[in-house]
Amino acid sequence: MQWTLVIPLKPLERAKSRLTATTGDTMRPGLALAFAQDTVAAALACPAVRDVVVVTDDGLAGRELAALGAGIVRDEPAGGLNAALAHGAANVRAGRPSTAVAALNADLPALRPAELTRVLDGAARFPRSFLADAAGIGTTLLCAAPGVELRPAFGAASRSRHTDSGAVELRPDDVDSVRQDVDTGDDLRAALALGVGPRTAAAAARLLIAD
């Protein structure tokens with residue numbers, strides 16, 4: 001099974017606000033873009049991924065991510081994260097109704113294609129499934145097989161909410177890069193320890209120089 005990944009991205013000026021204490025407001029938007037670029041590049045290199053669609057209203061991010069090969073969909077609902085994901089999935093299935101779709105966080109800068117492949121191959125066994133984040137509270141990936149509605153429930157305590165919605169929790173070993181999203185300075189340090197993509201590495205190096 002091949003998947004279309006739907007990745008939501010806030011306007012960069014508002015993205016990753018919890019990182020402000022670590023990065024400051026000046027460098028935070030660039031770091032958020034670097035996270036998304038490395039996430040998209042790794043996802044597109046995954047053999048289980050057919051294509052990637054990014055839902056965003058940010059012009060710069062849209063141009064940069066389209067240059068990597070992502071499709072760009074405007075966030076027409078403007079109703080928050082879950083509305084954006086549902087809109088992106090509906091946009092994909094309007095043209096390809098039988099496509100397997102998955103929602104993936106935009107802040108996985110250490111993402112490795114081989115690890116994402118293992119997770120998606122496991123997801124192919126279930127109608128709906130998800131992967132918890134490194135903290136064990138949130139969700140980094142939500143998958144829906146062909147013909148199954150995505151029904152995203154991201155946000156606070158989304159691991160519990162996705163479980164309550166009937167999605168199966170995936171528990172593969174050695175997929176830390178797919179779990180390690182970045183919301184805080186500690187998260188960023190954990191991602192850097194795993195080994196991030198080139199754009200995040202360059203942005204983090206500028207951050208250290210600025211410090």
Side-chain angles (χ1 to χ4, degrees), residues 1-10 15-16 32-56 58 61-62 64-66 68-73 75 80-93 99-124 126 128-135 138-145 148-155 158-159 161-162 167-170 172 175-183 187 191 194 196-197 199-200:
M1 185 183 294
Q2 282 203 309
W3 299 80
T4 292
L5 302 188
V6 179
I7 297 178
L9 182 62
K10 289 181 182 179
K16 301 287 100 187
L33 176 57
F35 293 167
Q37 289 173 303
D38 285 335
T39 300
V40 167
L44 287 169
C46 172
V49 173
R50 172 176 177 167
D51 54 3
V52 171
V53 170
V54 177
V55 182
T56 187
D58 192 285
E64 293 293 334
L65 298 173
L68 294 176
I72 306 299
V73 172
D75 183 8
L81 175 58
N82 292 310
L85 287 168
H87 172 63
N91 185 280
V92 169
R93 284 183 166 166
T99 295
V101 296
L104 182 71
N105 288 9
D107 58 348
L108 299 169
L111 185 63
R112 290 172 171 76
E115 293 184 15
L116 179 58
T117 296
R118 289 203 295 277
V119 179
L120 291 173
D121 286 350
F126 305 103
R128 284 176 72 245
S129 57
F130 72 96
L131 185 74
D133 65 8
T139 303
T140 58
L141 180 73
L142 174 69
C143 303
V148 178
E149 188 179 357
L150 186 62
R151 295 169 56 201
F154 286 83
S158 64
R159 180 184 187 180
R161 292 197 291 177
H162 284 132
V168 174
E169 182 171 354
L170 302 168
V175 293
D176 291 347
S177 76
V178 196
R179 297 184 186 275
Q180 188 58 67
D181 54 356
V182 178
D183 289 316
D187 294 336
L194 286 174
V196 296
R199 298 163 188 86
T200 301

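For reference, positions follow the sequence shown, starting with 1.
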Quick one: CG on L131 to CZ on R179, what's the gap to the nearest 0.5 Å?
4.0 Å
Got a sec, which residues hit side-chain hydrogen bond (donor to acceptor under 3.5 Å, both in side chains) with T140, two or more places apart in sequence or on another chain?
none
Would you say the side-chain atoms of Q2 pair up with the backbone N or O of P47, donor to acceptor, closer than 3.5 Å?
yes
For a quick test of reading the model, state the closest non-hydrogen atom pair linking A191 to A110 and the distance between them.
O-CB, 4.0 Å
Which pair of heavy atoms, one from C143 and one from L150, lies closest together, and at what distance?
C-CD1, 4.3 Å
Taking the side chain as C-beta and beyond, is there a heavy-atom pair between N105 and F35 under 4.5 Å?
no
Under the rule for salt bridge (charged side-chain N to carboxylate O under 4.0 Å, His left out), what residues qualify as partners of D107, not counting sequence neighbours?
K16
Contacts of V148 that satisfy side chain to side chain contact (heavy atoms under 4.5 Å, CB included) - sequence neighbours left out:
P127, R128, A144, A145
CG (D181) and CG (L104) are apart, to the nearest 0.5 Å, by 10.0 Å
Looking only at heavy atoms, what is the nearest atom pair of L85 and A103, with distance?
CD2-CB, 3.6 Å
Listed partners of R159 passing salt bridge (charged side-chain N to carboxylate O under 4.0 Å, His left out), at least two apart
E169
Check side-chain hydrogen bond (donor to acceptor under 3.5 Å, both in side chains) between S158 and all other residues, then give those that pass, not counting sequence neighbours.
T139
Minimum heavy-atom distance between L9 and A106, given as atom pair plus value
CD1-CB, 4.1 Å
For D176, salt bridge (charged side-chain N to carboxylate O under 4.0 Å, His left out) partners two or more places apart:
none
Test L120 against L141 for side chain to side chain contact (heavy atoms under 4.5 Å, CB included), laying out the working first.
CA-CA 9 Å; L120 291 173; L141 180 73; 4.0 Å; yes
CG of L142 to CG of L5: how many Å apart, nearest 0.5 Å?
11.5 Å
Residue list, ring-ring contact (aromatic ring centres under 6.0 Å, His included) with F154, at least two apart or on another chain:
H162
Taking C-beta and beyond as the side chain, do L111 and C46 meet within less than 4.5 Å on heavy atoms?
no
Determine which pairs satisfy salt bridge (Lys or Arg N to Asp or Glu O under 4.0 Å) with at least one residue from residues 34-56, sequence neighbours left out, and list them in order.
D38-R199, D51-R96
Applying the side chain to side chain contact (heavy atoms under 4.5 Å, CB included) test to V175, which of T117, L170, V119 qualifies?
V119
With N82, which residues qualify under side-chain hydrogen bond (donor to acceptor under 3.5 Å, both in side chains), at least two apart?
none
Looking at S177 and R112, would you say the former's side chain and the latter's main chain have a donor-acceptor pair under 3.5 Å?
yes
Give, for atom CH2 of W3 and atom CG of D121, the distance between the pair rounded to the nearest 0.5 Å.
9.5 Å
Which residues satisfy the side chain to side chain contact (heavy atoms under 4.5 Å, CB included) test with V40, sequence neighbours excluded?
I7, L44, V52, V54, L65, L68, A70
Could you work out, with salt bridge (charged side-chain N to carboxylate O under 4.0 Å, His left out) as the rule, every residue matching D58, not counting sequence neighbours?
none
For R93, which residues count as a side-chain hydrogen bond (donor to acceptor under 3.5 Å, both in side chains) partner, sequence neighbours excluded?
none
Over all heavy atoms of both residues, which pair between A100 and M1 is shortest? Give the atoms and the distance, please.
CB-SD, 3.6 Å
